[in-house]
Amino acid sequence: MSAAKEEAGWDAVQIARNDHVAIALRDLSGSVRVRRGDEVASVTLLGPIPLGHKFALADLPAGSEIYKYGAPIGQLTQPVATGAHVHVHNLVSQRARQSAAPKE
């Protein structure tokens with residue numbers, strides 16, 4: 001791969017500046033390049049991330065409200081380290097919280 005092509009490519013994308021996660025554009029592992037606005041940052045993944053799944057862009061404590069697409073999508077049930085998979089094993093979705101709320 002040429003240097004110019006390497007500089008232009010990325011493996012994942014952060015959709016909005018306030019998002020806590022990036023979205024994998026293919027099955028990923030190891031060190032990956034993340035498009036964050038006009039920049040491309042490097043993140044080392046802590047395990048494999050399937051296409052379309054999300055991973056943390058920073059260390060996040062349990063209870064953190066997680067943003068994706070610039071909007072809250074749920075709350076962490078446990079601490080998550082940078083590069084870790086963020087999914088149903090460590091995130092309660094906003095939709096699940098709304099459907100579990102008592103009906104008026």
Side-chain angles (χ1 to χ4, degrees):
M1 181 180 297
S2 72
K5 189 169 183 175
E6 279 187 66
E7 290 175 13
W10 58 87
D11 307 299
V13 63
Q14 176 190 31
I15 304 294
R17 283 271 182 202
N18 63 336
D19 286 354
H20 298 104
V21 295
I23 310 304
L25 299 177
R26 57 183 173 80
D27 291 342
L28 299 175
S29 63
S31 182
V32 299
R33 293 166 295 158
V34 179
R35 178 76 184 208
R36 304 177 78 175
D38 294 334
E39 302 172 353
V40 177
S42 180
V43 174
T44 300
L45 301 177
L46 300 182
I49 305 294
L51 166 70
H53 283 235
K54 53 198 171 296
F55 57 91
L57 292 171
D59 292 344
L60 301 165
S64 296
E65 188 166 50
I66 300 302
Y67 278 66
K68 177 182 173 187
Y69 305 122
I73 61 167
Q75 189 171 24
L76 290 178
T77 59
Q78 57 189 271
V80 172
T82 304
H85 193 195
V86 176
H87 199 50
V88 295
H89 66 287
N90 56 17
L91 179 79
V92 175
S93 78
Q94 194 82 351
R95 185 179 306 165
R97 286 192 291 174
Q98 290 171 348
S99 64
K103 306 280 185 214
E104 292 182 19

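Excluded from the calculations below are hydrogen atoms, water molecules and symmetry mates; all remaining heavy atoms, backbone and side chain alike, are included.
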Euclidean distance, [Y] [atom2] relative to [X] [atom1], rounded to 0.5 Å:
X     : Y     : atom1 : atom2 : value
Asp11 : Ser42 : CG    : OG    : 9.0 Å
Asn90 : Leu76 : CG    : CG    : 6.0 Å
Leu60 : Ile66 : CG    : CD1   : 4.5 Å
Ile23 : Ile49 : CD1   : CD1   : 10.5 Å

Next item on the list: Applying side chain to side chain donor-acceptor pair (under 3.5 Å), name anything that partners Ser29, two or more places apart in sequence or on another chain.
Entry: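 Ser29 satisfies side chain to side chain donor-acceptor pair (under 3.5 Å) with no residue once adjacent residues are dropped.
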Check: Quick one: side chain to side chain donor-acceptor pair (under 3.5 Å) partners of Thr77, sequence neighbours excluded?
Finding: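 For Thr77, no residue satisfies side chain to side chain donor-acceptor pair (under 3.5 Å) once neighbours in sequence are set aside.
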Notebook entry, point to check: Is there any ring-ring contact (aromatic ring centres under 6.0 Å, His included) pair reaching into residues 15-63, and which pairs are they, with sequence neighbours excluded?
Noted result: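 Qualifying pairs, neighbours excluded: His20-Tyr67, His53-His85, His53-His87.
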Compare every heavy atom of [Y] with every heavy atom of [X], then report the nearest pair and how far apart it is.
X     : Y     : value
Val34 : Ala22 : CG1-CB, 3.7 Å
Leu28 : Ala12 : CD1-CB, 4.2 Å
Pro50 : Ala24 : O-CB, 3.6 Å

Check: Are Val86 and Ile73 connected in a single hydrophobic cluster, I mean Ile/Leu/Val/Met/Phe/Trp/Tyr linked by side-chain heavy atoms less than 4.5 Å apart?
Finding: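 The answer is yes; both residues are in one hydrophobic cluster.
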Next item on the list: Please confirm whether the backbone N or O of Ala81 pairs with a side-chain atom of Asp59, one donor and one acceptor, at under 3.5 Å?
Entry: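 No; zero donor-acceptor contacts below 3.5 Å.
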Check: Would you say the side-chain atoms of Gln14 pair up with the backbone N or O of Asp19, donor to acceptor, closer than 3.5 Å?
Finding: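 Yes; judged by distance alone, with no hydrogens or angles, the pair exists.
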Next item on the list: Please tell me if the side chains of Lys68 and Ile15 come closer than 4.5 Å, counting only heavy atoms from C-beta onward.
Entry: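 No, side chains not in contact.
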Check: With side chains defined as the heavy atoms from C-beta onward, is the minimum distance between Arg36 and Leu57 less than 4.5 Å?
Finding: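 Yes. Closest side-chain heavy atoms under 4.5 Å.
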